[in-house]
Amino acid sequence: MQPNYFDKNSDFKRNRLFELMLKIPEPAINMSNYHFNNIEAKWQKYWAENQTFKAENNSEKPKYYVLDMFPYPSGAGLHVGHPLGYIASDIYARYKRHQGFNVLHPQGYDSFGLPAEQYAIQTGQHPAKTTKENIARYREQLDRIGFSFDWSREVRTSDPSYYKWTQWIFIQLFESWYCNVLEQSFPISELIDIFEEEGNMGLNAKCGNNQPEFSAEMWNSFSEEKKQKVLLNYRLTYLAETEVNWCPQLGTVLANDEIVNGVSERGGFPVIKKKMIQWSMRISVFAERLLQGLENLDWSESLKETQRNWIGKSVGASVEFRVVNEKEEFQGIAIKTFTTRPDTIYGVTFLTIAPENELVDKITTIEQRIEVAKYITETAKKSERERLADVKNITGVFTGAYAKHPLTKELVPIWIGDYVLASYGTGAVMAVPCGDQRDYDFAKHFDIPIKNIFEGVDISEAAHSDKEGTIIANSDFISGYSYKDASDKVIEALEKNHRGKKEINYRLRDAVFSRQRYWGEPFPVYYKNGLPQMIDAKYLPIRLPEIEKYLPTETGEPPLGRADNWAWDTNINTIVSNKLVSKSEIEGYEDNGIYPLELNTMPGWAGSSWYMFRYMDALNNDEFASKEAMDYWVNVDLYIGGSEHATGHLLYSRFWVKFLHDRGFLSVDEPFKKLINQGMILGESAFVHRLGFNITFWDINQNPKHKTKTISMFGASSILTIEEKRGLSKLQDKYVIIEDKFFSAELIEHFKKRNDGNDESEKYRREVENKYMSILKVELEEQGVLDKVRLDFALIGSKYNFYRTHADVSFVNTSNELDIEAFKNWRPEFKDAEFITEEDGTFKVSREVEKMSKSKYNVVNPDDICNQYGADTLRMYEMFLGPLEQAKPWSTAGITGVHSFLKKMWRLFHTPVTDTERRTLSGAEVSRSESEENTFNISENPASKDSLKTLHKTIKKVQEDIENFSFNTSVSTFMIAVNELTAQKCTSKEVLEPLLVLLSPYAPHIAEELWNKLGYSESISTAAFPKFEEKFLVESMKKYPISFNGKMRFTMELPLDLSKDEIEAAVMSHEKTIHYLEGRTPKKVIVVPGKIVNIVG
RNA sequence: GCUGAAGUGGUGGAAUUGGUAGACACGCUGGACUUAAAAUCCAGUGGACAGUAAUGUCCGUACGGGUUCAAGUCCCGUCUUCAGUACCA
């Protein structure tokens, strides 16, 4: 038998302690007779060996599909936040199994992505290798928590056998178009049929497409090349020059949902607008269906709202303003605007168009050209972020041109303003300053007249944007009408004279699908004469080529441009060397049938948009999943994951599923029936405070002075005296200058090197900061120091200040004291830094709740919790923390409560040791009698009435809680049940056995162990969920709360079958009633049988 | 600014249809066992006041009103926090 190390009272432990003279630190393990370590490993092994949770595709049972959002396997491993949702879904999956469902509960990895590639760039390791290692670590961590995943269906998006089908779906999208009339996707061949028979005129008219028109004859006379170019305008994935979000630091384009506050979601780098030829997904045609589809989904209202906002439907009208220049009407030049307020059309006093609008060039008058050109260059220079930050500044320029108002025929000036976005609507607005604050501000700023068209509304201070309850005035035939009626009339009038019509606009843009990266799915595409060609699906997968370095090429091509073997031989349908590429475009060369392959790869959301269907039939080599499998599993019944995917993954996957449905590949058109967003578990970061300063480089040759770089210096000890430190607050506005020219020049040299962006930059940073920190010779000066510096660059340190730096939470004890030596060893650059100490000389950290992340050093590893308390405790504690959907900081305070609950549960099944016995037995004997097999003590005798009541109360509550996803309260319910049964000294199998089944979704390991001890050879997961029986809860008496004027005063036990009158009589004759009435006669007595009595006096 | 969610003891959080506010747990206080510590067990624990005590009185679910026999819960207004989103025409 294993020495019982975990029981401190055991002889083994005593001897050991004696040996070590009590010098060893306390093991971080709670002493217990319940040996979770052995039990958990044992059952995890059993489940894996017996494939206990393998789901069958052929089953008579009803199906239930529980899915977690699969993780991206990062190098940091799992932290305690990740399992939260997995635990919840696992409880639900296990519960459904107990209820007799055939449960599909799979797991996999979203394993293509940026971090693995960034790591590859830094270390030269192949992303496939690091990804594989990360997955192995994830798997190890997941296994320790005891999830009931069916691992035989594991998917990895970076696996060629998986991305083969991602590529296949891409081909299907390319081979499809969308009919706006039937609101459905069809094969492109059907569109070609239409073109051959009737051209595209009919389509244009019916679908509101704005494509150049052609007849059937014209189509048939087009060259093949021309035909293909036309078709690209219809395909659901298409190649086009689009304005994209380009991130120079990441070297790739980003989708709208990958940008947060104008910077990249990953890394926080600036993003600029740039025109590039890119693959796009025509998601915008699905906007209405994506919006309508939300109605029938069981998702949280807030998440649906987020998607609605992202789709951004607005109903209004398009209004056309024909341009007039030098009092002559320009034939065909019209500014199309979109408005949600057609009723305000008589308030239009000018038009504003976006600086990027292509009409700018055409309409600007000769006199205004210089001014306009200047303005356009200025706005183009600003990044997206600067523009966002600059919202308050009103800028614009007059084009010199005028347009004719479609109803009044008056001339209105056309302005350019950057408050109008090229990417929304038509990139032009009809400005109604009296009704829109932005138009109002613009008009005030440039002195444009403001016309009031609202009855009895004062607009001298601000625009009036309320539409409800406002009456239109001063507006010809719509004066006196409300918003709704006036709008209808205006639209009618506009339609009559062909100057506009009712229109619906969506914010949702087509999604850019190309990424200039290595670690993603390659496109199954080659280029012939510059036109994209799909590779036949039977030659998939197109595998990622090997490359030396994971960086863009010298000519700026994506990393795949470095591959030697990256051309497609159409003769043998294989990837061949680039050197063989056909030079047919150049005269004198023959077309040898070998063409260059696409250099971009697909974005991260490609693989995650359809993975839920792959799990249904994960090993299928002939289809992405068989029809039989999909007919059985249909779609995901319960999906659990974070709300951060609201506008990315959850929208894109709905789009792909609708498309696959249209084309008959799927029977459902929504992937996720019910969705729950688990709240994020936050970490408590620790901050250490120090003195320091920043040094800023200024280029003094530029005017205004241009700030070029700021670096942070870590220490201040060598330059500040004690007195100065005390007077620190007084130094706020003073500057530090470095007068040593030599030093400055050398530092600049280093910075030049650093700015090259090569791999050594980090090393240089350290070098500069460490080398010069201690030799800085600085003095304090009053402001005006710039005169003294004669270098090209001036070095000016900003004010001294307190700085805070993240400290790893593992260096901090429970009293928030920092182990400063450990910290300095960990971050040697802080060796000489001056840290702020407490009065008693200790280093204390301040705490702040933040997102748990490796870079914030506040990560808690679930492995540590498992080591200390076990997986069952971790599972129950994470549930006990609070409501699933709520964000909450991680704290281990309270985990002992859950742990001791499990120990009490264990003890319920074993001979209790009485206090008397405890006193007479030695510690070792107590432990032995409690822990060994023969103390397992379950009686076959019928249970007491009380115990049965406890059991059924618990069944009812736990079942309700699971179905409402209120896992925190069911943990409490278990605690109450165990407390009550312990008090009742219940040992009855009749009660304890069902209780065990009830508990098993939450604490599967201990449940399996006790189940096994009860004599079952099958896993507890095969047991049926206990049936709740009302009869055990039926009461004959009720303790009535008796209240006076709503205040509860005392309780009174009465039989439940009394009538209202009998209850009233009983209460009124009670001595306390007489006492509380103090002689008054009650006005009214409210009796709610079975609930409450209230006496109104 | 807009949209959504929330505000309850020292802490995490309960209260399902308006019906005994603070379940359960942590923490804290006291006690038992122990040479001691740990572990375990028992008792107490929203606040204020009165009383030797049993007990009693008042206050109390962000704030101000209202509806009701009865409000954490419903209605109106205000404030605060968190999340999402934003020159969206």
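First the proteins, then the strands, lettered A, B, ... as listed; each starts at 1. In what follows, every heavy atom counts, from backbone to side chain, and hydrogens, waters and symmetry copies are set aside.
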Base-contact (B) and sugar-phosphate-only (S) positions in nucleotides 16-23 of chain B, heavy-atom cut-off under 4.0 Å, - elsewhere:
B--BB--B
P atom, B/rA37 versus B/rC28: distance in rounded Å?
16 Å
C1' spacing across the pair B/rU68 / B/rG18, given as an integer number of angstrom:
9 Å
If only side-chain N and O atoms count, and only distance matters, is there a donor-acceptor pair under 3.5 Å linking A/Q307 with A/T647?
no
Using the test ring-ring contact (aromatic ring centres under 6.0 Å, His included), find all partners of A/F974 that sit at least two apart in sequence or belong to another chain.
A/Y1002
Show me the dot-bracket string of RNA chain B, counting Watson-Crick or G-U pairs under 3.5 Å, with | for pairs to another strand and [ ] for crossing ones.
(((((((..(((......[....)))((((((.......))))))(((((....)))))..(((((..]....))))))))))))....
Rounding to a whole Å, what distance do you find between A/K888:NZ and B/rC82:P?
18 Å
Please report the distance separating the C1' of B/rG72 from the corresponding atom of B/rG46, rounded so that it comes out in whole Å.
15 Å
Ranking A/D439 and A/V898 by the position along RNA chain B of their nearest nucleotide, the one closer to 5' is A/V898
side-chain hydrogen bond (donor to acceptor under 3.5 Å, both in side chains) pairs, two or more places apart, involving residues 338-351 of chain A:
A/R341-A/D343, A/Y346-A/D476
With P as the reference atom in both, quote the distance from B/rC79 to B/rG9 in angstrom, rounded to an integer.
22 Å
Counting the atoms with a prime plus P, OP1 and OP2 as sugar-phosphate, which does A/P883 contact under 4.0 Å by heavy atoms, base, sugar-phosphate, or nothing?
sugar-phosphate
Just to be sure I understand the rule, does A/N505 reach a base, reach only the sugar-phosphate, or reach nothing, if contact means heavy atoms closer than 4.0 Å?
nothing
Please give the distance between the P atoms of B/rU78 and B/rG1 as a whole number of Å.
12 Å
Output the distance between atom CD1 (A/I353) and atom CG (A/D418), rounded to the nearest 0.5 Å.
13.0 Å
Hey, is B/rG47 sitting syn or anti, using the within-90° cutoff around 0?
anti
A/E885: what forms a salt bridge (Lys or Arg N to Asp or Glu O under 4.0 Å) with it, not counting sequence neighbours?
none
For A/K953, enumerate each residue passing the salt bridge (Lys or Arg N to Asp or Glu O under 4.0 Å) test, keeping only those at least two apart in sequence or located in another chain.
A/E980
If the condition is side-chain hydrogen bond (donor to acceptor under 3.5 Å, both in side chains), which residues does A/Q437 pass it with, not counting sequence neighbours?
A/D441
Quick one: on RNA chain B, does A/Y506 or A/T306 contact a more 5' nucleotide (nearest heavy atom)?
A/T306
For A/E1053, check side-chain contact (heavy atoms from CB on, under 4.5 Å) against everything at least two apart and list the hits.
A/M1037, A/K1039
Determine: side-chain N/O of A/N979 to OP1/OP2 of B/rA25, distance under 4.0 Å, yes or no.
yes
Using the P atom as the reference point in each nucleotide, state the distance between B/rC24 and B/rG60 in Å, no decimals.
25 Å
Contacts of A/F454 meeting ring-ring contact (aromatic ring centres under 6.0 Å, His included) (sequence neighbours excluded), chain-then-number -> A/H464
List in chain and number order the residues that pass side-chain hydrogen bond (donor to acceptor under 3.5 Å, both in side chains) with A/H649, two or more places apart in sequence or in another chain; answer none if no residue qualifies.
A/Y639
Just compare B/rA39, B/rC24, B/rA86 and give me whichever is closest to any side-chain atom of A/K903.
B/rA39
Rounded to the nearest 0.5 Å, what separation is found between the CZ atom of A/F321 and the CZ atom of A/R499?
11.0 Å
Selection from B/rA89, B/rC87, B/rC88 that lies nearest to any side-chain heavy atom of A/V420
B/rA89
Ignoring backbone atoms, establish whether A/R907 has a side-chain N or O less than 4.0 Å from OP1 or OP2 of B/rC41.
yes
Residues A/T969 and A/S966: side-chain donor-acceptor under 3.5 angstrom
yes
Picking from B/rC87, B/rC41, B/rC69, which would you name as closest to the side chain of A/K904?
B/rC41
A/Q886 vs B/rC82: side-chain N/O to OP1/OP2 distance below 4.0 Å
no
Rounding to an integer number of angstrom, what distance separates B/rC49 and B/rA39 when you compare their P atoms?
35 Å
Closest nucleotide among B/rU85, B/rU40, B/rC26 to the A/T896 side chain:
B/rC26
Set of side-chain contact (heavy atoms from CB on, under 4.5 Å) partners for A/K502, sequence neighbours left out
A/V315, A/I491, A/E495
Whole-Å gap separating C1' (B/rU11) and CH2 (A/W890)
16 Å
Nucleotide by nucleotide, nucleotides 57-67 of chain B touches protein heavy atoms under 4.0 Å in the pattern (B base, S sugar-phosphate only, - none) SSS--------
Between B/rC75 and B/rU85 - C1' atom distance, rounded Å
29 Å
